[in-house]
Amino acid sequence: MSLREVFIERMTWPDIEAALAAGARTAVIAAGATEQHGRHLPEGSDAFMGEAVAERVARELGDALVAPVIRPGCSDHPLDFPGTISIPADTLIDILDAYVTSLRRNGFERFVVFSTHGGNFPVLERWQGSRSAPGLIVIPDRRGHVRPVYQFAVASGTEQPGVLHHSDAFETSQILALHPSLVHLDRAERGYVGPLTADELFARGTRIVSPNGVLGDPAGATAEIGEVMLRSVTDYIVGKVRAATPA
């Protein structure tokens, strides 16, 4: 089936009812964030990427609609930067439960859940491990989700092996592809590029590690690279969904 509109919040209830009757029984749910992204990217970067990937996944699957992106997310580590909003892990879990419960009551039967914000990954892993709801497909693995994009970034010279990324060429390229008017390349600057694990970042806080909020280097970012990265993440999620769906 082919749907002209896939975003639930842009549709009327009769349109959604008609889509369900036509076989659109999959809901795509992206967990994003509202947090600092250096001096050159908007606070909504993770949510913008989540919305874009969710739409592409829904259209690729063909029988899916996109639920409103969950924002903000779990972002305690950059709270020292103005504009960052964080919610507790238990709150995110409650929101995810509410999404699935509500959408299932509406008639949806399959739920594809992923995150475009690193701080949400541990919560999705915890949520997935405690839920056995039918039709639930969670993509919580930070290594698998990021690997195809990261490999491309290293191969293209926009990323260094072993460095955590945030507001670097990896993310800057994607926002250039999606919302170029919101990117201030004249303010872009290199951030912390040393060895760092996610657990260390969460424990120490972003501003202690990188005063400008950047992990990595935004140099070399292009919209063309961003499109390839978005396509790579979309393909990865669609592949996971199809692998989890009986033939």
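The figures here come from the full heavy-atom set of this structure, side chains too, leaving out hydrogens, waters and symmetry mates.
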State, to 0.1 Å, how close [X] and [Y] come at their nearest heavy-atom pair, and which atoms those are.
X	Y	answer
Ala19	Met11	CB-CE, 4.4 Å
Phe121	Ser115	CZ-O, 3.7 Å
Ala169	Ala219	CB-O, 3.8 Å
Ala30	Gly50	CB-O, 3.7 Å
Ala31	Asn120	O-ND2, 3.5 Å
Glu43	His37	O-ND1, 4.2 Å

Backbone N or O of [Y] within a donor-acceptor pair of the [X] side chain at under 3.5 Å?
X	Y	result
Asn106	Phe108	no
His179	Phe48	no
Thr84	Pro78	yes
Ser173	Thr222	yes
Gln36	Gly213	yes

Working to the nearest 0.5 angstrom, can you tell me the gap between [X] [atom1] and [Y] [atom2]?
X	Y	atom1	atom2	value
Ile87	Ile95	CD1	CD1	4.0 Å
Leu196	Arg204	CG	CZ	6.5 Å
Ile175	Ser45	CD1	OG	4.0 Å
Asn212	Glu189	CG	CD	4.5 Å
Arg207	Phe81	CZ	CZ	5.0 Å
Arg190	Ser167	CZ	OG	15.0 Å

Give a yes or no on whether [X] and [Y] share a hydrophobic cluster (residues Ile, Leu, Val, Met, Phe, Trp, Tyr; joining criterion: side-chain heavy atoms under 4.5 Å apart).
X	Y	answer
Val233	Val238	yes
Val69	Phe7	no
Ile70	Val6	yes
Leu178	Leu185	yes

Given side chains that start at C-beta, do those of [X] and [Y] come closer than 4.5 Å, heavy atoms only?
X	Y	answer
Ile237	Val28	no
Glu171	Met49	yes
Trp127	Val113	yes
Asp168	Leu215	no
His166	Val214	no
Glu51	Val66	no
Val138	Val112	no
Leu96	Leu124	yes

- In terms of the angle between their ring planes, are His77 and His117 parallel, tilted or perpendicular, with boundaries placed at 30° and 60°? parallel
Can [X] and [Y] be counted as an ion pair, charged N to O under 4.0 angstrom?
X	Y	answer
Asp63	Arg110	yes
Arg126	Asp90	yes
Arg56	Glu227	yes
Glu60	Arg231	yes

- Message: If you apply the rule side chain to side chain contact (heavy atoms under 4.5 Å, CB included), what do you find for Leu182 with Leu41, and how did you get there?
- Response: CA-CA 7 Å; Leu182 300 181; Leu41 293 181; over 6 Å; no
- Message: side chain to side chain contact (heavy atoms under 4.5 Å, CB included), that's the test. Do Val228 and Leu230 meet it? Break it down for me.
- Response: CA-CA 6 Å; Val228 174; Leu230 291 164; over 6 Å; no
- Task: Evaluate the side chain to side chain donor-acceptor pair (under 3.5 Å) criterion for residues Asp15 and Thr12: first the C-alpha distance (whole Å), next the side-chain angles of each, then the deciding distance (0.1 Å), finally the verdict.
- Result: CA-CA 5 Å; Asp15 293 334; Thr12 66; 2.9 Å; yes
- Message: Show, in sequence, the C-alpha distance, side-chain angles and deciding distance for Val100 and Leu136, and conclude whether the side chain to side chain contact (heavy atoms under 4.5 Å, CB included) test is met.
- Response: CA-CA 9 Å; Val100 171; Leu136 187 61; 4.3 Å; yes
- Item | Geometric cation-pi criterion Arg104 and Phe111, 6.0 Å radius, 45° cone | no
Determine whether the side chains of [X] and [Y] contain a donor N or O and an acceptor N or O closer than 3.5 Å.
X	Y	result
Asp46	Thr116	no
His40	Thr172	yes
Asp199	Thr197	no
Glu35	Ser75	yes
Asp235	Ser232	no

- Item | Full working for side chain to side chain contact (heavy atoms under 4.5 Å, CB included) between Leu103 and Ile29 | CA-CA 10 Å; Leu103 293 167; Ile29 304 169; 4.1 Å; yes
